[in-house]
Structure formats: structure tokens, C-alpha cells
Amino acid sequence: MKPKKLAQKTGVMIALIAGACFAGLPVVWMVSSSFKPNTQIFAYPPHLFESDMSWTAYAAIFTDPEKVRFFLNSYLVALSVTAGTLFVGIMGAYAFSRWEFRGKRVLNTLIISVQAIPPITLLIPYFGLIVALGLYNTYWALILTYMVFTLPYAILMLTGYFNTIPRALDEAVMIDGANRFKALWQVIVPVSIPGLVSVAIYTFMQAWNEFLFALTLTKTNNMRTVPIGIQLLMGQHNYEWNQMMAMSILGCLPVLILFLFFQRYFIGGMTAGAVKN
Amino acid sequence: MSTKRRLLDRVTPVAYLSPTLLLMCILMLVPIVLVIGYSFMSNVIMTKESVFVGVANYFKVLKDPVFHEALWNTFVFTVGSVAIHMVLGMVFALLLNSKMISTFTRAFFRVIYVLPWVFTAAIIAILWRLILDPSGVLNYLLRQVGLIHQPIAWLGTTQTAMLALLLINVWAGYPFYMISMLATMQGIPDELYEAAMVDGASPWQQFWNITLPQMRPILLSLGTLDLIWTMQQFPLIWMTTGGGPIHSTEMLSTYTYKLAFNQYQFSMASTSGVVVLIISAALAVVYARTQRAGD
């Protein structure tokens, strides 16, 4: 029995390491390339470590105001979308959770089905619409667009969360003289923090990662976000591979940090999104 | 008092929902109505006088050989991605759920396995362009072990571009499956396995008769969601092959985008966009069904 168990354990470990190579080696290569001088990117034979590795590519990004701006734009847009979606989503979810009103079921179905609408289909009239609204090449265009895409999930998730909070809690606060609005923000919201964190992480990531609308609704480089900035680097005549890799690593940091600190919420949020309607 | 109260009860929820409704109407409902309208018009946006042409655009799109190619490629890419995602996600989740490894080992490997998921499509695209480059590291490794003799431009050759794209999308997409599956596996009661072991069931039998049936609902949900998402995938394709070479990786998304923003054929693009919408809607109905069946 013993040697069989050992063999099984070795088998599992070998499989785990093989899988880790598939998952992790591309990332290792990205990190390594970001420290190489650009002339060594395709050196033959390739080495993981070169003798002249340095922070040059990172320095080049941090000293280029245009590239720093990509990051500032991304943070500004993603944080605004997160705040906006939370605010609007909390209000909407509260209405779904606490009242029965005509058209509620239909509205609920509509909000669910919105999630299946292909962005590429929306994009064609969207461009003209944003121009007509005077929002073309502004932060508002991106913020409002991303809110529309993240609100359905926020409302569904938060409605479910609010439903678990007894109505008696609202009523107790209201008897004390507070109105509903106060009851929502001072009592319901504070006890819903775990649900709100899941929604916030989901929303931030969606906004941080979005590509198609950021590409189409902005024009000047001072409005571009990180994903578009990376594409712009690729469109140049000389590929600055080391800078593109450095920018990629800087670009994944917020998501990586969120993941490491809030793993629990990620998994809860992801599975809730996939399993509940 | 009571009528006032009742009126208040009807108006208040609408007030709470009004920001949502306003946003959804202007930025979701209006564009959908517009895009459907465009698909029945002669070329819009670019010309002042566009006229109603009925379903003429639909005939034109459905007869376009490039559209056929895009449809087929989308099918291959989507079904291939979803199938491999599911198998790989399952294998990795089973490995991480193995009783043979310690909690620390599990946590360590989980972080590594989740890594691809922290990168956005644009980043994944350039990373793999670096790796798959003819003078890149993958070609070097394959030549070292003797699998190929000449470096291959994986993304620039018609025969290999789709394969390369599948590899990239598999790498990008399996963590979502793995994490969802792992969470479900950990929720399966231990007693089921204990009872099976008493009956002398092998690990393979336990997998087929306990793990898989218990995971059926989430596999269905994940599969349908992934079908919808993969079918709509744009940035990964746009930034690696751009649909090329010679349409060998042209998908419905890149086809539609090019019609609109490279050729300024907004009516045709709208038509193609509506086709994508119809396919998505059909899949969404399937998704809603699986949800109800799972309850």
C-alpha cells in the first residue's frame, strides 16, 4: 500500500509542476523580457537572465508623461466606474429587494439579458450616439459605457444580498425617525460590505480591462487607457518589446494585488456570477 | 392618507431605479433599436439620404464568402476553446483538490495557476506575440527538442494561425473554469466519497459517478457563458492576427469591426452585428434554461 501511495503522490506532483509550467512560464518570460535591453529580446540562444538586465524599460515608462497618463486615465476611469456602479447599483438593487411593483419581473429579465448583448453589435450606433451626446473623446464616454456593462451584474448580485437582510432592520431604523434613504445608506449598506466588495472588484476589473470601446470612443493619446496604450506601442515602427512587457506588468498589478488580498471575494463573486442568474 | 401612502409606494421604487433606467435606456436600448434599424437601410452615417432596403443587407451579408469564413472560424474557435477550457479547467481543479497535497502546496500552485487570469486581453496578445515570434522562445525550444526544423511564424501562417489563437485563448480562459470548478468540488460532501470507498469504488469510478454528476449544473452554466463570451471575443484576435492571414482567423467580431471602421459600410456592419446578436440571444436562452433546470 505504501509504495502505491508514494507513486500516486509523485504523479500528482509531476502533473502539478507540468501545469504550473504551462501557466507560469509565459509570465516568467514576460518579467524577464521587461528587464532585458531591447536588443537582447530575440537573442540566440535565448536566456532567462542576461548579464545587462536593468530597470531601463520601467524608467522609460515612468519618465514619459504620455505613458504615465495612460495609467492615470485607467485608474481614474476604473475607480469612477466602480464608485458610480456601486452607487447606482445599490439604489436599483434596493428597489428590487424591498418593493413589489408592476413590471418588476420584466425589468429583472431585461437586466439579466442585457449581459448577453455583444459589445460589437452595440458599437456601431454607439459611436454616433456618443458623438451626438458630445461625449466623444471624454472620460464620461468611457465611464458611462462601462457602468452600463457592469450595472446588471451589480444589481443582480446586490439584490440577492439585500434579500438576505431582514426587512425588519429597515423598519426598525425608520421607526427611529430616519427615512428610507438614510436607512439604506446607514444600515443596509454597512452590513452588505462583503457583497459590495465582490461587486467593486468585478466592476474595477471590467473597466480596467476593457478594450473595444476604449479604442473607438477615444481619439487623442491623452485620453487613452492602458490596454490601448499597449496597442499603440505595438503600432510603432520599432517594437520596444522590453517597454511593452514592463507596461504589461505595471498594467496587471492592480488586478494581481486585488486578487492576493481579496481571493475569497473573487471566488465568491465569480461563482455567483456564473451560477446564479 | 392611505392613497397618499399607496402612491408613495409606487413612486419610490421607480425613483430608486431611475438612474439605472436612464442609463440603460440611453446607452443600451437606443443603440440596439438603432443598429436593428440601420440593418434595414442603405448605407447610413456616411450618406445623408439613406433609404429603407428591407432585408437586402441580410442577403448581401449571408452571401459574402468572407462572412462564411468568419462564421466557420468563429465556430471552430468558440467550440474548440470551450471544450479545451473545460477539460483543462477540470484537470487543474482535480489536481488542486487532490487529498495528496498539503494546504500550503495547494495555495502555492493555485496562485500560479490563476496567473493568466490577471492579465487583460491586450497584454495576453502581446505576450504571446513575443513568445510565438519566428525568432521567439517557443520556436527555439521546439527546434531544440527536434519537433520542428525551421522556425514557424505561428500567427502569420494560414495553417497555424487558428491553432496559435486557440492556444492563446486556452491559456487566457482556463483559470475562470478552474476556480469555479474548484469551489464546486470543495462543496461536494465527503460522505459521498466515503460511502463509495466503502463500496470499493476506484478513484476513476468516484470521478464518473460522484464528482461529474455533482458538477453537471456548473459545467453547463460555465460552458454556455463561455460560448457567449468567446463568440464575442475581439481584442485577443484583433491584436494577434487581426483576422488574418488572408481571413484564416477572421471571426464575426473582426469581420463586423472591419466593415464598420475600415470600410465605413455601417449598414452592412449593423447587419452582421445583428446576426451576432441573434446567435448570442439564442445562446442566452439556452443559458437561462440551464439555470432553471439547475434549480
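By convention in this document, chain letters (A, B, ...) are assigned in the order of the sequence lines, proteins followed by strands, and residues within each chain are numbered from 1. The figures here come from the full heavy-atom set of this structure, side chains too, leaving out hydrogens, waters and symmetry mates.
- With a 4.5 angstrom heavy-atom cutoff, A/E100 does not touch chain B via any of its atoms.
- Residues B/Y174 and A/F22 have side chains in contact (heavy-atom distance under 4.5 Å, counting atoms from C-beta outward).
- In this structure, CZ on A/R98 lies 14.0 Å from OG1 on B/T12, to the nearest 0.5 angstrom.
- For chain B, the nearby parts of A/I117 are the backbone and the side chain; heavy atoms of each come within less than 4.5 Å.
- If you take CD1 on B/I123 and CE on A/M30, they are separated by 6.0 Å, rounding to the nearest 0.5 Å.
- Neither the backbone nor the side chain of A/I249 has a heavy atom closer than 4.5 Å to any heavy atom of chain B.
- A/I90 does not touch chain B: none of its heavy atoms, backbone or side chain, sits under 4.5 Å away.
- In terms of heavy-atom pairs under 4.5 angstrom with chain B, the leader among A/P45, A/G24, A/G251 is A/P45.
- Residues B/G273 and A/T121 come closest through the heavy atom pair O-OG1, 2.8 Å.
- By the 6.0 Å contact criterion, OH on A/Y44 is enclosed, its count of non-hydrogen atoms from other residues, nucleotides or ligands being greater than 12.
- With a threshold of 4.5 angstrom between heavy atoms, A/T216 approaches chain B through side-chain atoms but not through N, CA, C or O.
- The six-membered or imidazole ring of B/W238 lies away from that of A/F211, with a centre-to-centre distance of 6.0 Å or more.
- Interface remark: A/P152 contributes backbone and side-chain atoms alike to the contact with chain B (heavy atom separation under 4.5 Å).
- Residue A/I41 touches chain B through its side chain alone, counting heavy-atom pairs closer than 4.5 Å.
- Within the 4.5 Å cutoff, no side-chain heavy atoms of A/F101 are placed close to those of B/V14.
- For A/L110, no part lies near chain B; criterion is any non-hydrogen pair under 4.5 Å.
- Inter-residue side-chain proximity for B/L17 and A/M91 is flagged as unmet; no heavy-atom pair is nearer than 4.5 Å.
- Rounding to the nearest 0.5 angstrom, the gap separating the CG atom in B/L95 from the CG atom in A/L16 is 5.0 Å.
- Counting heavy atoms from C-beta outward, A/M245 and B/I126 have side chains that approach closer than 4.5 Å.
- Once rounded to the nearest 0.5 Å, the distance linking CD of B/Q265 with CD1 of A/I124 reads 11.5 Å.
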